[in-house]
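Note that the structure is predicted; figures quoted are calculated from it, not measured. Residue numbers begin at 1 in each chain, while the letters A, B, ... track the order of the sequences.
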Amino acid sequence: MTTSTTPARPEGPLADIAHLRHTAAHVLAYAVQDLFPDAKPTIGPAIENGFYYDFDRTEPFTTEDLETLAARMREIVKADYPMTGRRVSREEAIEAFRDNPYKIEIAREIPEGDPITLYTIGGFTDLCRGGHADSTGAIGALELESVAGAYWRGKSENPMLQRIYGTAFVTQQELDDYHAFLEEAAKRDHRKLGAELDLYHVDEMAGGGLIFWHPRGAIMRGLVEAFIRDGLRERGYLPVVTPHIVHENLYATSGHLENFGDSMFGPIEVEGQRFRLKPMNCPGHILIYANEGRSYRDLPLRYSEFGTVYRFELSGTLHGLTRVRGFTQDDAHLFCTPEQLQAEFEQTVDEALRLMEAFGFSEFEYFLSTRAERGATDEIAEAAIRNALESHNLPYQIDDGGGAFYGPKLDINLRDAIGRKWQLGTVQVDFVLPERFELKYRGSDGQDHRPVMIHRALAGSLERFFGVLIEHYGGNFPAWLAPTQAMVVPISEHQLDYAYEIRGRLRARGFRIDTDASNEKLGYKIRHWKTQKLPYILVVGKSELADGTVNVNERGIDEKRTVSVDAFAEELAARIAAKR
RNA sequence: GCUGGCGUAGCUUAGCGGUAAAGCACCUCGUUGGUAACGAGGAGACCGUGGGUUCAAUCCCCACCGCCAGCUCCA
C-alpha cells in the first residue's frame with residue numbers, strides 16, 4: 001500500500017519516454033490539423049507524466065472532441081509514419097507558417113546560428129527543435145486527458161490558448177500502471193480523506209482557503225505541534241507570541257507592503273489608523289528583539305512561534321489544505337552574529353531532518369534559491385547555505401533568482417509514500433531586515449554591530465504539512481498520531497460495562513481510546529472502524545470478559561491476538577514511543 | 001483573477017418543462033449477534049443564489065457564488 005509503483009519516475013532512460021511523449025504531442029497536433037483546421041498549433045512539449053499541446057482556437061474543445069481526436073491519433077500511430085526532420089532557413093520557416101503568428105514568433109526568436117528545423121509525420125509538419133521517437137508507431141498507448149486554458153508563453157497579458165493534456169507510454173501495461181497510480185493518489189486525496197475521517201472542512205459561509213479544524217484534526221495538529229515544540233526547546237529556542245493584526249507601518253518598514261502588498265489582505269481602518277492582518281511573523285519577532293539593547297553575549301537568540309498568518313491568494317488557486325489563505329507556520333527567527341551564521345544554519349537543517357524522518361519521510365531534495373540582485377551579503381549568505389549542505393553531504397539544486405526579497409533561501413522538498421514531490425520547509429538567511437529595522441547588538445569591542453537573521457519554518461504551514469501527512473499515510477496514521485488509537489468494541493451489550501472499564505484503564509495511561517456502544521452486530525462495527533482506519537480495534541466478548549483480556553484486531557494484520565489489557569497497553573506505549 | 005467543466009438530502013448519485021428518487025449515514029423499535037454492511041419503520045431537499053423566458057422552471061437563458069481541472073501567482 002505504501003510502496004506502489006511510481007510511473008511518474010520510470011526506471012528506464014527518461015529521455016526516451018520524453019521523446020515518445022513529444023512525438024505524441026505532434027500526433028495530437030496532426031489530428032487537430034485534420035479535424036479542426038481552424039486551430040493554430042503553438043507549442044507542445046513533453047511534461048512529467050505526459051505531454052500537452054497549446055492551440056489557438058475560438059471554439060473550446062469539448063470532451064467529445066477529445067474522444068474524436070484520440071481516435072484519429074490512434075490511426076496516425078497505427079500508420080507508423082516516420083518522423084523526418086530537415087533544416088531550413090529562417091525565411092523558409094516563416095514562410096511555411098505564414099498563417100501562424102505563434103510559430104513565426106518562435107522562428108524569429110531562434111538565436112542566429114542555431115539550427116531551425118521542421119519535422120514531418122505523414123501530412124503534418126511542425127516547427128520543432130527535435131527529440132522524437134523514430135516513428136509514430138513507437139507509441140504503444142496514448143490517451144487525451146483534459147482541456148484547460150493556458151496563456152501564450154505563460155503570461156497573463158497574452159491571449160489565452162487551449163491546452164490539451166494527454167499521456168503516452170511504450171506499452172499498454174505502463175498506461176494501466178499509470179492509471180493505478182492516479183487511482184491510488186485519488187484515494188489518498190486529503191480533501192476526500194479530510195471529510196471521510198472528519199478531520200477538517202472549509203466552509204462556504206466563511207470563505208475559501210480558511211480551515212476549520214475538527215476535533216480529530218485538531219488533536220493531530222496538537223501532536224505535531226508538541227513534537228516540534230519539544231525539538232525547539234532542546235535546541236534553545238524561546239517561545240514568543242505576536243499579534244495577528246498590527247499597524248501597517250510595521251510592514252512598510254519591513255518592506256513587505258512594497259514587495260508583497262498584492263498578496264496581503266487590505267487595510268482595516270479604525271480611528272483613522274490603518275491596520276493589516278499579518279502576512280509573516282518576522283517583523284513581530286524583530287520588534288521583540290529590538291525592544292531592548294542586546295549584547296553579543298545574548299546571541300544567538302532564537303524566537304519561535306506557531307504563528308498564524310493571512311495571505312491573499314487568488315480564489316482559483318485555493319486547494320484543500322495545501323493552498324490556503326490563513327495558515328500557521330512553525331516559524332522561528334534566529335538573530336546571530338555573522339560568525340555564528342554557519343553553525344546556526346546547520347542546526348536548522350539538522351532539525352528539519354529530525355522532523356521529516358519522524359513522519360516517515362526519507363527522500364529529500366534541496367534547492368538553493370539565490371537572489372536576483374545579489375550584493376556582498378548575499379554572497380556570505382549563499383556561502384553559509386552551501387557550506388551547511390556540503391558539510392551534511394546533501395546534494396542540492398540551484399534556483400537562480402528564486403530567493404526571498406531579503407536574501408537567498410534553502411527549500412527542502414520531499415517525496416511521499418507514493419513518490420510525489422512536496423515543497424515544505426524553508427530556511428532563509430537575511431541581512432536586509434536587520435538593516436531596515438536598524439537592529440544591533442553590542443560587541444565585545446564595545447561597538448554596535450548588525451546581527452544576521454535566519455528565517456526558518458520546517459513543517460512550513462501546519463495546514464499544508466497536515467495535508468501532506470494525510471496523503472503520505474493515506475489516512476492510516478501511525479498510532480502516535482492517530483486521533484483515536486483504539487476502539488473497544490463489545491460483541492453484545494453484556495460486555496458493554498467491561499468495554500467501558502477497559503477504556504477507562506487505557507485512558508488513565510494517557511491513550512486515546514473510545515468505546516463503541518452502538519446497537520450493531522460485530523461485523524458492522526469492525527467494518528465501520530476499519531473504514532475509519534483506526535490502528536487498533538479491541539474486541540471483547542464473553543471469553544475476554546471472563547479472562548480480563550482483549551482481542552486485538554490490528555490495522556493491516558489479519559491474525560487476531562488475545563492479550564491482557566496491560567500487555568496491550570505496553571505494546572501501544574512501545575509503538576507510540578517508536579513513532580510507528 | 002483567466003479558460004473549461006460541475007453545483008439535486010450529511011455523503012455518493014438518479015431524474016426531468018408539470019415543485020423530486022435511491023444507497024449509505026441519522027433516529028426509533030425489534031434483535032444480543034465472535035472479526036469488513038442484522039431486520040423493520042421513520043425523519044431528512046426552498047434541486048447553490050438572484051433575475052429572465054414560459055400557463056408552469058430543479059430542468060431552458062443570463063448574472064453572481066462555490067467546487068473541480070488547468071493557467072497565472074506563490075515572501
Start at the 5' end of RNA chain B and walk down; is the nucleotide closest to Pro279(A) or to Gly208(A) reached first? Gly208(A)

What distance, rounded to whole Å, do you find between the two [atom1] atoms, one in [N] and one in [M]?
| N | M | atom1 | result |
| --- | --- | --- | --- |
| C46(B) | C68(B) | C1' | 26 Å |
| C61(B) | G17(B) | P | 13 Å |
| C24(B) | C62(B) | C1' | 37 Å |
| G42(B) | C47(B) | P | 24 Å |

Among [options], find the nucleotide with the atom closest to the side chain of [X].
| X | options | result |
| --- | --- | --- |
| Asn519(A) | G1(B), C71(B), G30(B) | G30(B) |
| Met160(A) | C73(B), A75(B), U3(B) | U3(B) |
| Ala148(A) | C71(B), A37(B), G70(B) | G70(B) |
| Asn553(A) | G34(B), C68(B), U35(B) | U35(B) |
| Ser146(A) | U32(B), C71(B), A69(B) | A69(B) |
| Ala150(A) | A36(B), A69(B), C71(B) | C71(B) |
| Leu522(A) | U35(B), A37(B), U72(B) | U35(B) |
| Glu493(A) | U32(B), G33(B), C26(B) | U32(B) |
| Thr531(A) | G70(B), A75(B), A36(B) | A36(B) |
| Ser543(A) | A69(B), U32(B), G34(B) | G34(B) |

Which label fits Phe568(A) and Tyr536(A): parallel for a plane angle under 30°, tilted from 30 to 60°, or perpendicular past 60°?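 Aromatic pair Phe568(A)/Tyr536(A) classed perpendicular.
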
Salt bridge flag under 4.0 Å for residues Glu438(A) and Arg450(A):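 No, Glu438(A) and Arg450(A) are not salt-bridged.
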
Residues Arg153(A) and Glu109(A) bridged, charged N to O under 4.0 Å: yes

Tell me the interatomic distance from Leu210(A), atom CG, to G66(B), atom P, rounded to whole angstroms.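 Distance, rounded to whole Å: 12 Å.
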
Find the distance Asp203(A):CG to G10(B):C1' and express it as a whole number of Å. 13 Å

Can you check whether Pro41(A)'s main-chain N or O pairs, donor with acceptor, with Asn100(A)'s side chain at less than 3.5 Å? yes

Does Lys421(A) reach the main-chain N or O of Gly419(A) with its side chain, forming a donor-acceptor pair under 3.5 Å?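 Not a single qualifying donor-acceptor pair exists.
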
Any base atoms under 4.0 Å from Tyr52(A), or only sugar-phosphate, or nothing? Heavy atoms, all strands.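 If one applies the 4.0 Å heavy-atom cut-off, Tyr52(A) turns out to touch nothing in the nucleic acid.
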
G-U wobble or Watson-Crick pairing nucleotide for U54(B) (cut-off 3.5 Å, both distances):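 Partner of U54(B): none.
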
Scanning all shown strands, the Watson-Crick or wobble mate of C67(B) with both distances under 3.5 Å is G5(B)

N/O donor-acceptor pair, side chain Tyr151(A) with base G1(B), under 3.5 angstrom: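 Flag set: donor-acceptor pair detected.
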
Answer yes or no as to whether A75(B) has its base stacked against Phe260(A), where stacking requires a ring-centre separation under 5.5 angstrom and planes under 30 degrees apart. yes

